[in-house]
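See below for the structure under consideration.
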Amino acid sequence: MIRSALMNVMTAAALKAGRGLKRDFGEVENLQVSVKGPGDFVTAADRRAEKVLFEELSKARPGYGFLLEEGGEIEGADKAHRWIIDPLDGTLNFLHSLPVFAISIALEREGQLVAGLVYNPIADDMFVAERGQGAWLNNRRLRVAQRRDLADALVATGIPHLGKASEHPRFKAELAAAMARVANIRRLGAAAIDLAYVAAGRYDGYWERALQPWDMAAGVVLVREAGGFASDLAGGGDMLTRGAILAGNEYIHRALGETLKKA
Ligand code: 2AM
Ligand code: CA
């Protein structure tokens with residue numbers, strides 16, 4: 001496990017916000033049976049987690065900027081550093097009492113992603129990576145899966161939601177192309193966890209479109225530090241601005257990218 005001062009700061013903030021999310025998740029299970037559902041409560045839980053992360057990280061690293069899912073861009077006095085944070089990735093899972101959600105924290109230095117953390121407080125899975133220090137799950141070093149053939153690959157994706165209907169035709173075409181080549185496909189509903197699972201070798205590959213920078217930033221560091229490749233769908237490095245991502249080991253990344261391109 002990475003025990004740098006930076007990673008201590010990041011894990012402490014995630015553990016604190018994670019305790020709140022875990023408590024709130026328990027409450028969501030109780031609210032599930034009400035007619036109105038837990039919608040407003042989940043929004044409040046999301047904001048509370050973001051507030052904890054903002055306060056803890058601001059205290060530990062004064063002046064760093066932020067890009068927050070809820071709060072947007074907050075400029076800091078220190079222009080070199082920016083946290084990119086999703087306090088609750090997998091919101092729809094959380095809302096439906098599915099224990100597949102995570103806090104995602106990335107640090108950018110001079111525009112480069114240098115550290116990433118993805119924490120699922122229910123599973124107590126703490127995925128961390130720092131540039132040059134490898135990727136870790138709790139105390140175990142991570143390595144992407146070594147399968148080379150798409151036919152053996154378990155690949156994850158994300159399905160564009162109801163509000164993204166314009167994305168549906170392309171998604172169906174890409175899904176059809178992938179289905180014809182890979183062993184099978186999974187869809188968990190939390191991009192940060194999908195990327196962490198690629199880093200951990202659980203998934204061989206992953207692609208998704210219509211994402212936001214905070215969904216991907218931490219996971220990109222995890223995948224790369226686990227020896228994998230993460231790019232936009234054209235193979236370039238513009239995931240965060242294009243909102244599209246492709247990840248896997250060298251072979252699966254290339255083959256899956258070619259497959260999707262032909263869709
Ligand atoms: P969220 O849970 O924080 O909203 C699911 O396919 C993935 O897409 C999740 O990581 C989800 O993040 C992300 N996503 C990004 N933009 C979204 C949106 N507008 N609606 C739903 N999910 C979105
Ligand atoms: Ca998200």
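Along the sequence shown, residues are numbered consecutively beginning with 1. Whatever order the structure lists them in is the order used to number ligands and atoms, beginning at 1.
- The nearest protein atom to atom 4 (O) of ligand 1, hydrogens excluded, is given as Thr91 OG1, 3.7 Å; this is a heavy-atom distance.
- Among protein heavy atoms, the minimum distance from atom 9 (C) of ligand 1 is reached at Asp89 OD1, 3.5 Å.
- Near Gly189, meaning under 4.0 Å from any of its heavy atoms, are these atoms of ligand 1: 5 (C), 9 (C).
- One option in His161, Met216, Glu208 has a heavy atom closer to atom 7 (C) of ligand 1 than any other, and that option is Glu208.
- The atoms of ligand 1 that sit less than 4.0 Å from any heavy atom of Gly90 are 1 (P), 2 (O), 3 (O).
- His81 and Tyr64 have parallel rings, their planes meeting at less than 30° on a 0 to 90° scale where 60° marks the start of perpendicular.
- Below 30°, between 30° and 60°, or above 60°: for Phe94 and Phe101 the angle between ring planes is above 60°, a perpendicular geometry.
- There is a side-chain donor-acceptor pair under 3.5 Å between Asp124 and Tyr119.
- For Arg209, no heavy-atom contact with ligand 1 is shorter than 4.0 Å.
- In this model, no donor atom of one side chain and acceptor atom of the other lie less than 3.5 Å apart for Ser4 and Gln133.
- Pairs of residues two or more places apart, or lying in two chains, that qualify as salt bridge (charged side-chain N to carboxylate O under 4.0 Å, His left out) and include a residue from residues 90-119 are Arg82-Glu108.
- The side chain of Asp215, and not its backbone, has at least one atom closer than 4.0 Å to an atom of ligand 1 (non-hydrogen atoms only; side chain from C-beta on).
- Electrostatic pairing of Asp204 and Arg147 counts as a salt bridge here, judged by a charged N lying under 4.0 Å from a carboxylate O.
- Arg254 has a carboxylate O that lies under 4.0 Å from a charged side-chain N of Glu250, or vice versa, which qualifies the two as a salt bridge.
- Distances under 3.0 Å from the Ca ion (ligand 2) pick out the protein N/O/S atoms Asp86 OD2, Asp89 OD1, Asp215 OD1.
- Proximity of Asp194 to ligand 1 is not established, as no heavy-atom distance is less than 4.0 Å.
- Heavy-atom proximity to Leu88, at under 4.0 Å, picks out these atoms of ligand 1: 3 (O).
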What verdict does the side-chain hydrogen bond (donor to acceptor under 3.5 Å, both in side chains) test give for Ser97 and Gln32, after you've listed the backbone C-alpha separation in whole Å, the side-chain angles of each residue and the deciding distance to 0.1 Å? CA-CA 8 Å; Ser97 299; Gln32 214 61 257; 2.5 Å; yes
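- Remark: ligand 1 atoms within the under-4.0 Å shell around heavy atoms of Leu211 are 7 (C), 8 (O), 13 (C).
- Contacts with ligand 1 closer than 4.0 Å are made by side-chain heavy atoms of Asp86 only, the backbone lying farther away.
- Contacts of Phe41 classified as ring-ring contact (aromatic ring centres under 6.0 Å, His included), with partners at least two apart in sequence or in another chain: none.
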Run Lys59 and Glu56 through salt bridge (Lys or Arg N to Asp or Glu O under 4.0 Å) and show every step you take. CA-CA 5 Å; Lys59 226 186 299 169; Glu56 292 300 307; 3.4 Å; yes
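- Inside a 4.0 Å radius of atom 13 (C) of ligand 1 there is at least one protein heavy atom.
- Within the structure, side-chain hydrogen bond (donor to acceptor under 3.5 Å, both in side chains) pairs that include any residue of residues 175-198 comprise Arg181-Thr259 (at least two apart or interchain).
- Heavy-atom proximity to Ala190, at under 4.0 Å, picks out these atoms of ligand 1: 10 (O).
- Checked by atom type and distance alone, the side chain of Asn120 never pairs as donor or acceptor with a backbone atom of Asp125 at under 3.5 Å.
- Residue Ala191 has at least one heavy-atom neighbour below 4.0 Å for each of these atoms of ligand 1: 9 (C), 10 (O).
- Nearest heavy atoms, Leu222 versus Gly116: CD2-O, 4.4 Å.
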